[in-house]
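In what follows, chains carry the letters A, B, and so on, assigned in the order in which the sequence lines appear, proteins first and then strands, with residues in each chain numbered from 1. Below, each value reflects all heavy atoms present in this structure, side chains not excepted, and no hydrogens, waters or symmetry copies.
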Amino acid sequence: MPDLATPLIAWYRENARDLPWRRPGFGAWGTLVSEFMLQQTPVSRVVPHLEAWLERWPTPSALAADAPAEAVRQWANLGYPRRALWLHRAAVEIRDRHGGVVPRDVDALLALTGIGDYTARAVAVFAYGDRHPVVDTNTRRVLARAVEARAQPAPPARRDLAAMEAVLPEADADAAVMNAAAMELGATVCVARSPRCDVCPISDRCAWRAAGYPDTGDNRRRQARYEGSDRQARGAVLRALRDAPAHRVALTDVAADWPDALQRDRAIDSLIADGLAEASEGYLSLPT
DNA sequence: GAGCCGTGGCA
DNA sequence: TTGCCAAGGCT
């Protein structure tokens, strides 16, 4: 296995983007909030929302003291609004189970609502400096190409953690930078379409490049069409609630212009089932 | 493990 | 216009 860490770390020190969560002393709560927002949402859209969020709720207890509806409203159009609800629940759990301090232990982090393998380790590594493999979609693509000589990674699996562990330096601080560097390379150089191998710091040891960029197929899961989907209908309903005075709309008026009434009703029911909406006395509202 | 869950930018 | 892609997680 060629040494990927040395050139990646050196490259990262020179080329890392200046992002809010990379500022010294950003804090574990800020890191946690940023990681929730970054789950499937691009960096450029997250940055302004993150700063507004932390200004309003500087600690987990501050968020926990507010209503879930406020979290969902503040989430605005970041997408996947269940994350706002889960972040609020996590804040309550941090207040009640951890004295208001974001836990450092990976298992404790994994036990929080909305935190999985990626986010738990990202917090432990980037906020606390501990040594764990942090594997996101960028890292999976970098490892698939550099190590496995594949054009695209396989779907996410637990073995991805072992694959990253295998290329991680021993020292905690180096391992943390390596984790960030692999993600950064995947986000800015080793991108999904049209990778920029001419500026890649590990192109001389990339297995995919050495093999002549073979087309190894693509096992990635396809996203369902969004236009006309239930997800779009849910988005329309929730947008109406966010924009309404007191986050409350008469049930008969919610997304009344939606072309498919059955689909609209299905969306309302599923939002209620998810805890993102509540129905009472003929009105639909955000969760209190 | 597969399907589901928002939103917007870009080719 | 359509499909791809984005610091995932839950059921």
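- In this structure, Tyr226(A) reaches the bases: a heavy-atom distance under 4.0 Å links it to at least one base atom across the strands shown.
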>> How would you summarise protein contacts on nucleotides 1-11 of chain C per nucleotide, using B for base, S for sugar-phosphate only and - for none, with heavy-atom distances below 4.0 Å?
In response: --SBBBBBBS-

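- Put simply, Asn77(A) has a side-chain N or O that comes within less than 4.0 Å of OP1 or OP2 on dG8(B).
- The pair Arg131(A)-Glu165(A) meets the salt-bridge criterion, with a side-chain N (NZ, NE, NH1 or NH2) lying under 4.0 Å from an Asp/Glu carboxylate O.
- Every residue two or more places apart in sequence or in another chain was checked for a salt bridge (Lys or Arg N to Asp or Glu O under 4.0 Å) with Glu51(A), and none qualifies.
- The P atoms of dG6(B) and dT2(C) are separated by 22 Å, rounded to the nearest whole Å.
- Between dG3(B) and dA7(C), the distance separating the two P atoms is 24 Å to the nearest Å.
- Between Arg22(A) and Glu184(A) there is a salt bridge, since at least one side-chain N of the basic residue sits less than 4.0 Å from a carboxylate O of the acidic one.
- Atom CG in Asp274(A) sits roughly 14 Å away from atom C1' in dG3(B) (whole-Å rounding).
- A cation-pi arrangement, defined by a distance under 6.0 Å to the six-membered ring centre and an angle within 45 degrees of its axis, is present between Arg248(A) and Tyr283(A).
- Follow the hydrophobic side-chain contacts under 4.5 Å out from Leu168(A) and you never reach Val134(A); the two are in separate clusters.
- Only the C1' atoms considered, dG8(C) is 22 Å distant from dC10(B), to the nearest whole Å.
- Salt bridge Arg220(A)/Asp218(A): present, at least one basic N to carboxylate O contact under 4.0 Å.
- Rounded to an integer number of Å, the gap from CD of Gln263(A) to C1' of dC5(B) is 14 Å.
- Spacing of P atoms, dG9(C) relative to dG8(B), comes out at 23 Å, to the nearest Å.
- Between Asp204(A) and Arg209(A) there is no salt bridge, since no side-chain nitrogen of the basic residue lies less than 4.0 Å from a carboxylate oxygen of the acidic one.
- Arg121(A) has no carboxylate O lying under 4.0 Å from a charged side-chain N of Asp130(A), or vice versa, which leaves the two without a salt bridge.
- Of all the residues in residues 239-260 of chain A, Arg239(A), Arg242(A) reach under 4.0 Å from DNA chain B with at least one non-hydrogen atom.
- Separating the CD atom of Glu227(A) from the P atom of dG6(B) is a distance of 15 Å, rounded to the nearest angstrom.
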>> ring pair (Phe, Tyr, Trp, His ring centres under 6.0 Å), that's the test. Do Phe126(A) and Trp21(A) meet it? Break it down for me.
In response: CA-CA 9 Å; Phe126(A) 300 138; Trp21(A) 46 89; over 10 Å; no

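- Summary of the strand contacts: Gly79(A) and Pro156(A) both lie near DNA chain B, and taking for each the nucleotide with the nearest heavy atom, the more 5' one is attributed to Pro156(A).
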